[in-house]
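The structure under discussion appears below in the form of structure tokens.
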Amino acid sequence: MDLQKRECPMEITTECGAGWGFMKIQYENLNLEFYNTNVYDRDFDDLLKTLYFLNPYFEDDLWPNDLDKYPDKPMFEVVEYQKKNDIGFRYHAISSNFIWNEEPDISKWTISRKATSPKEHAKNYSFDLIFHIEKYEESIDNKTEFDFQIKYNDFCYAVAKAFTQLIKKHGFYGYHQSTYNQDFNMRYFLSIKAIALNNFEALKIEDVKNEHVDGDSSSFEKELELLQFDM
């Protein structure tokens with residue numbers, strides 16, 4: 001695969017250990033730090049999940065009664081798509097929020113995007129993400145708010161680069177042990193990294209003929225290449 005690094009306007013660094021996760025975000029005039037307890041929440045996974053489902057071109061079906069599986073209270077747009085000889089509909093998230101517990105501080109994230117035109121067929125991953133972060137230090141009365149925008153593919157790049165370094169340092173089992181209760185969602189991560197690098201070869205699906213049940217396959221070799229690529 002032709003995977004190529006590029007410049008990104010945002011820099012993210014992450015660490016994990018002893019049930020804690022650390023993230024530092026540097027972007028324009030912002031310098032944000034988060035120390036999250038992973039004992040009660042699934043912090044990094046919530047961020048990956050939100051990014052994955054804010055992609056208006058993903059092919060998963062997401063239904064309102066599935067809200068318990070996804071970031072807290074997402075807002076949806078309904079998108080038409082061709083389903084064999086009929087027209088189908090999918091629910092795509094346009095806004096979602098999650099909370100990071102920093103004991104005793106709390107950070108509440110809201111990430112949104114504009115709804116996609118139903119007639120927009122060309123895949124364009126450079127749309128704006130709109131961030132609103134509220135940091136509460138020790139009490140709800142001590143609140144600081146941060147607002148910024150960044151291109152979706154640029155934020156994907158910053159996250160994918162940071163998480164690649166994190167997983168290479170800890171490994172998957174080591175990551176689980178370091179965070180105490182989290183597992184790394186590989187499907188979300190590979191999708192976000194493919195968007196960041198604008199290379200989707202590892203995500204291509206082909207039909208597989210089996211003896212009893214036909215299925216789908218992707219290239220394990222290309223997935224590993226994408227996973228291990230340093231950004």
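This chain uses plain numbering: 1 for the first residue, then up along the sequence.
Listed for the Asp216 side chain is no donor-acceptor partner under 3.5 Å among the backbone atoms of Ser218. The main-chain N or O of Glu33 is found under 3.5 Å from a side-chain atom of Lys135 such that the two form a donor-acceptor pair.
There is a side-chain donor-acceptor pair under 3.5 Å between Tyr136 and Glu134.
Across all their heavy atoms, Leu51 and Val159 have their closest contact at CD1-CG2, 3.9 Å.
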- What do the steps show when you test Leu48 against Ile192 for side chain to side chain contact (heavy atoms under 4.5 Å, CB included), and what is the final call? CA-CA 8 Å; Leu48 285 176; Ile192 290 165; 3.7 Å; yes
- Please walk me through it: do Lys204 and Ser219 pass side chain to side chain donor-acceptor pair (under 3.5 Å)? CA-CA 8 Å; Lys204 290 181 179 178; Ser219 170; over 6 Å; no
Under 3.5 Å donor-acceptor pairs involving side-chain atoms of residues 12-22, not counting sequence neighbours:
from, atom 1, to, atom 2, distance (Å)
Thr14, OG1, Ala162, O, 3.4

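Within a 6.0 Å radius of CD in Glu145, other residues, nucleotides and ligands contribute more than 12 heavy atoms. Under a cut-off of 6.0 angstrom, the local environment of NZ in Lys168 is crowded, with over 12 non-hydrogen atoms contributed by other residues, nucleotides or ligands. Applying the 6.0 Å contact sphere to CG of Asn210 captures more than 12 heavy atoms from other residues, nucleotides or ligands.
Note: Tyr52 and Phe189 fail the aromatic proximity criterion, with ring centroids not under 6.0 Å apart.
Residues forming a side-chain contact (heavy atoms from CB on, under 4.5 Å) with Thr144 (at least two apart in sequence, or on another chain): Phe146.
The salt bridge (Lys or Arg N to Asp or Glu O under 4.0 Å) pairs that include a residue from residues 146-165 are Arg6-Asp154, Glu11-Lys161, Asp128-Lys151, where partners are two or more places apart or lie in different chains.
Of the options Asp2, Asn153, Leu3, a side-chain contact (heavy atoms from CB on, under 4.5 Å) to Leu197 is made by Leu3 and by none of the others.
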